[in-house]
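As structure tokens, the structure follows; a few thoughts come after it.
In what follows, every heavy atom counts, from backbone to side chain, and hydrogens, waters and symmetry copies are set aside.
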Amino acid sequence: MNEPVEGTGSQTEPGLSSLLARIKNQNEFQSAAASTRQSIIAALGDSGAVADSAVPDLLAAYQALPDDAEVISRALKQICRDSKTAPVELVKALTADDLRISDLADELLTEAACLKYASANLWVILNDPNSPVRDKAASHLQEIGSDDRQLVSVLIELLEEAEPSWETQSVLKSAWLYALPELARLICDPSRSPRSRLRAAAIILEINSIKRIKHLTDRSFRTLGRADQGLLEAALEGTDSWTRSCAACALSGSDSRHPKIYDTLIDGLQSSQAELRCCCLKALGRRRNEREQVDANVTARLIELLEDPDPEVVSAADALLAQLRFTSADWIALIGLLEQRTLSYRVLSLLREQEEVPVVAVTPLIRVLCHGGFEREQVRLLIDILVQAGRPALKAMRAVVLDSSLSGKIRAAVLRGAVKIAPAEPEMVSLLSGLLESNEPELRMTAAIEIADKREDCQPLIPLLVAGLQSADYAMKHSALEALKKIVARSPAVLASVIPHLNDVPREQRLMLTFSFYHQNQQHPELRRAMWSLLHEMNQGEDERLTRSIVLRELICVEPESFLLELLTDTDADLVQETLVVLDASGLSLSDPLRDQLEQFLSGANQKTRLLAALILLKADSRNDTLRIIMSEILTGDDSELFQIAIAGLEKVPAFDTKWAPLLIDLLQKQEARFLAIRQLGTLGAAAEPAIPTLVEYLDTTSYFKVCAEALQQLGQLAVPAIAVLRAHLQKKGSLREACAALACIEEDHNPTLAILTQNLEQPDLRSRTCLGLACFAEALPTEVESLLLEVLQSDVEYDRSGAIRGLGSLKTKTAWQRLVQVLETENPNLWPMAASALGEIGREPETTVPLLIDVLNSESWQARQSAAHALGQFGAAAQSAVPDLMTALNDARHFSAAAGALSAIGAPAIAVIPRLIEMLDNGEYRCEVLRVLTRFGPVAKAALPRLKELAANVSRCDLPKIRAVIEAIESPELTGKE
């Protein structure tokens, strides 16, 4: 087998030498015909990493031949992706004066799988006098897992020179464990420039702002440590106003409750420096969780800042104002700013977010609406605000509607708003009826749309609504369609009177209208014939391909199987292929007639149809050897479109049998198929053994490490050759956890690995991740792992303790359980989310653990509540006492999924939640999650069957397969493992 990553020119293929020779002669190459040049470049790209000696020449050609730039860029991506030596050349190009070359090199390095081979070169240019070059070097060094401590040390110095780039900020945020103390010291160092201190504060502020987001994936994330926080709090007591402001900004969003933070930030708003004003504004936004009230004078100052000449200050003031509630005076001041066109959209957005609109604001808003000359979107926002004002605005809005001196568009828009305030009042119905005879077409159509569900005789409305379908205004068109659907739903007679009008509208609207009516009236013979006709009428262009897919999905879900078989035997090959695509995506099970039809395609159809049929059969677990032969032909052929379809389809096949091993091993050489091949080889056991050297080789690439480690983990002791390389990754924080998981399954003797991990515990940046790695060995070495984790649990660093807590969840020992219980009973609430999750994993002593988790479920921390809900579900029926609290947690959208999942895991003892879930089936936002939960309940949820069957008859077709699966799970428990 070829090596997966070739060296420079060491193993050139036949013909490659001549290609390399031609491009190295730059004068001759650049003077050649464009078609000749591009053929040579494309051929080099197709050669892949083996052509990496051409990289310097291709970069030179990229600079000299701008017309060939696209083909050169594509070839370089193919070559550099897997090359070990190309990254070194690309690092050199990072320092090029030509920005195009530097940016291209940066892009190629980002995609390079073997970036680690350029590590030394990147460290060299980290001291380059060109700041952008250093930024890019730092970003790539972090990507390959370099020492964060060194990176932070270099990048902190950059803050003296210029505004930090996003690359620098990204590295400092990611390396927060070392960056935060350095940044805090910089702020408090009077010898540093004011600009650098403000930049440091801004970065800390950004780190604080991602704390909540980070908690979603890493609940051990922390911001300022106690020592750093104390240093900054001391700076608040100093005499230098700049230092105080920077310290206050840095402390915002932290755990500090120092009384001077808020006042210092308010003082900073008066600064003559725009950067400081902006930073203080952002910091004030971080204080919102402390429930501090912004007084009226400060709100007035924030409104003034909307006119600040610095756009960043304006944006920051806007963001802070959006969190406040305005007084009547604030409303008048903001409405006054609407005269400034540059501020109008921003001000309107602020006003619309207010919960209440004061009565005094209605008249000036109406005046602005009628005479402000606003665009459509601004008019919409204004009317939304008036609607929020409710009945106090209704009289003024009615006056606008009846004012013939105003434009029809304004009057129609105000009419729609007025209807929202008083939709069914007799006075409103009377107004709408009168406007049906208006001279303004838009006002007339709007009145027809709004009155459609308010009057019995709808025949006169049909021409107006059909005209609305042809409006250039998308909102009008959509509203007219919805109104027509409402009146059609009333009776077959109304539908019969609408159908003749279908031919009066343009084809696009006719399709939309026919499809919408069919959705409600599948049995109507004329609509069925119209739908069939539309399938054949639609052209083959991309503009209608999606529409035809939607129509096909609708028909396939509701029509009998005979209809689907008729589609599959149609003479239109493109329609047959589109039907196969939709059938694949629909999730429908294959009956014997369908399976027979698909198998007929395997021998008698064109290559694309064979491929699509083969993919469906593979997902249906067919063992027909013809499927593998078809896939092999396409995956080793030259048709790139079919290749991509095959790869995308095979990604969804659960597992292959061992006969696929030779093909998968060959596919390791193709970049587009490599992830698929690696993942599937991991499932093939001994048949994948010839691929192990290649998988081990890919462990040293950034792109493929994780997927290779997972595959080798699945192969177990067959993957012994990978042990040395995996152990080398134990000291890299980005790959430590995956390396441990793989070694736990491959090694017979874990002691050498345990020794490395024990050493890791001495390194602050590896300690927490090492705890997670140790968890992989909990089953094999419970005593040793427990001892190490309990030692880390004594650390003074909260981040380390959180890692140890998460690791303890892998142990089932009494001691681990007792220590985790102590965390919930006595320690910092910041550690409760990890402790709750760990106790759920251990799952022992429910009589003690469940009450503790219920307490956490009712705590103030939403992260802790989320973890507690998940953990309670892991106790199953033993967590019955938590059912009332979990049902209460359903009221919080953030916890709905976790709480509902826990209740379904508890099962029959949680049957009281079923009526609540049935109600929530009508909420589109929650329906998907509710269906998943009802499936887990199985027969326990039989009370939901009537509503589910109603939905199956009327719901959107994209939800139909899910609903059918729930019904099947309730009626056929043996299919879901339920008793």
Flag, side chain of Lys24 to backbone of Ser53, donor-acceptor distance under 3.5 Å: yes
Heavy-atom check, side chain of Leu159 versus side chain of Leu183, under 4.5 Å: yes
Student check: side-chain heavy atoms of His140 and Asp106 closer than 4.5 Å: yes
Glu111 and Arg81: CA distance, side-chain angles, deciding distance, salt bridge (charged side-chain N to carboxylate O under 4.0 Å, His left out) verdict: CA-CA 6 Å; Glu111 299 179 6; Arg81 171 72 174 167; 5.7 Å; no
Distance, nearest 0.5 Å, that separates CG of Leu172 from CZ of Arg199: 13.0 Å
Ser83 side chain reached by Glu89 side chain, heavy atoms, under 4.5 Å: no
Glu312, CD: over 12 other non-hydrogen atoms inside 6.0 angstrom: no
Tyr117 and Thr85: CA distance, side-chain angles, deciding distance, side chain to side chain contact (heavy atoms under 4.5 Å, CB included) verdict: CA-CA 7 Å; Tyr117 292 99; Thr85 58; over 6 Å; no
Shortest non-hydrogen separation from Leu94 to Ser102 and the atoms involved: O-OG, 3.0 Å
Over 12 foreign heavy atoms within 6.0 Å of NZ, Lys652: no
Taking every non-hydrogen atom, the tightest pair across Pro690 and Ile665: CB-CD1, 3.9 Å
Glu738 side, atom CD; Phe705 side, atom CZ - distance, nearest 0.5 Å: 6.0 Å
Any donor-acceptor pair under 3.5 Å from Ser31 side chain to Glu28 backbone: yes
Close side-chain approach of Arg769 to Arg737, heavy-atom, < 4.5 Å: no
Flag for Ser39-Thr36: side-chain donor and acceptor within less than 3.5 Å: no
Between Arg149 and Gln763: side-chain donor-acceptor atoms closer than 3.5 Å: no
Residue pair Leu306, Asp318: steps toward the side chain to side chain contact (heavy atoms under 4.5 Å, CB included) verdict: CA-CA 7 Å; Leu306 291 177; Asp318 177 42; 4.2 Å; yes
NZ on Lys136 to OG1 on Thr168, rounded to 0.5 Å: 11.5 Å
Spacing of Arg197 atom CZ and Asp189 atom CG [to the nearest 0.5 Å]: 7.5 Å
More than 12 heavy atoms of other groups within 6.0 Å of Arg22 CZ: no
Heavy-atom side-chain contact between Arg674 and Thr694 under 4.5 Å: no
Heavy-atom side-chain proximity of Leu115 to Leu109 below 4.5 angstrom: yes
Nearest atoms (heavy-atom pairs only) where Asn760 meets Leu730: ND2-O, 2.7 Å
Test side chain to side chain contact (heavy atoms under 4.5 Å, CB included) applied to Val653 - qualifying residues, sequence neighbours left out: Leu618, Lys619, Leu650, Phe656
Heavy atoms of other groups near Lys706 NZ, more than 12 under 6.0 Å: no
For Leu177 against Pro764, the heavy-atom pair lying closest together: CD2-O, 3.7 Å
Donor + acceptor pair across side chains of Asp639, Gln607 (<3.5 Å): no
Tyr799 versus Arg767, side-chain donor and acceptor atoms under 3.5 Å: no
Salt bridge Asp310-Arg277, side-chain N to carboxylate O under 4.0 Å: no
Sidechain-backbone polar pair: Ser139 side chain, Asp135 backbone, donor-acceptor under 3.5 Å: no
SG on Cys279 to CD on Glu206, rounded to 0.5 Å: 9.0 Å
Glu710/Arg679 ion pair, N-O < 4.0 Å: no
Under 3.5 Å donor-acceptor, Tyr698 side chain and Leu668 backbone: yes
Salt bridge (charged side-chain N to carboxylate O under 4.0 Å, His left out) between Glu275 and Arg195, intermediate numbers included: CA-CA 9 Å; Glu275 296 94 334; Arg195 297 286 183 192; 2.7 Å; yes
Tyr62 and Leu58: CA distance, side-chain angles, deciding distance, side chain to side chain contact (heavy atoms under 4.5 Å, CB included) verdict: CA-CA 6 Å; Tyr62 185 84; Leu58 287 170; over 6 Å; no
Minimal non-hydrogen separation, Cys708 against Leu699, with atom names: CB-CD2, 3.8 Å
Verdict with reasoning, Leu126 to Val133, per side chain to side chain contact (heavy atoms under 4.5 Å, CB included): CA-CA 7 Å; Leu126 197 60; Val133 171; over 6 Å; no
Whether Ser73 side chain and Ala69 backbone form a donor-acceptor pair below 3.5 Å: no
pair Gln150-Val154: side-chain heavy atoms closer than 4.5 Å: no
Backbone of Ile23 reached by a side-chain donor or acceptor of Gln26 within 3.5 Å: yes
Where Ala51 and Leu44 come nearest, the two heavy atoms and their spacing: CB-O, 3.7 Å
Stepwise salt bridge (charged side-chain N to carboxylate O under 4.0 Å, His left out) check, Glu157 with Arg192: CA-CA 10 Å; Glu157 297 305 315; Arg192 296 285 194 157; 3.3 Å; yes
Partners passing salt bridge (Lys or Arg N to Asp or Glu O under 4.0 Å) against Glu107 (at least two apart in sequence or in another chain): Lys77
Glu143 side chain to Thr702 side chain, donor-acceptor N/O pair below 3.5 angstrom: no
Any donor-acceptor pair under 3.5 Å from Ser193 side chain to Ser196 backbone: yes
OG1-CG distance between Thr636 and Leu663, expressed to the nearest 0.5 angstrom: 7.5 Å
Heavy-atom donor-acceptor pair, Thr95 side chain to Lys92 backbone, under 3.5 Å: yes
Close side-chain approach of Asp82 and Gln671, heavy atoms under 4.5 Å: yes
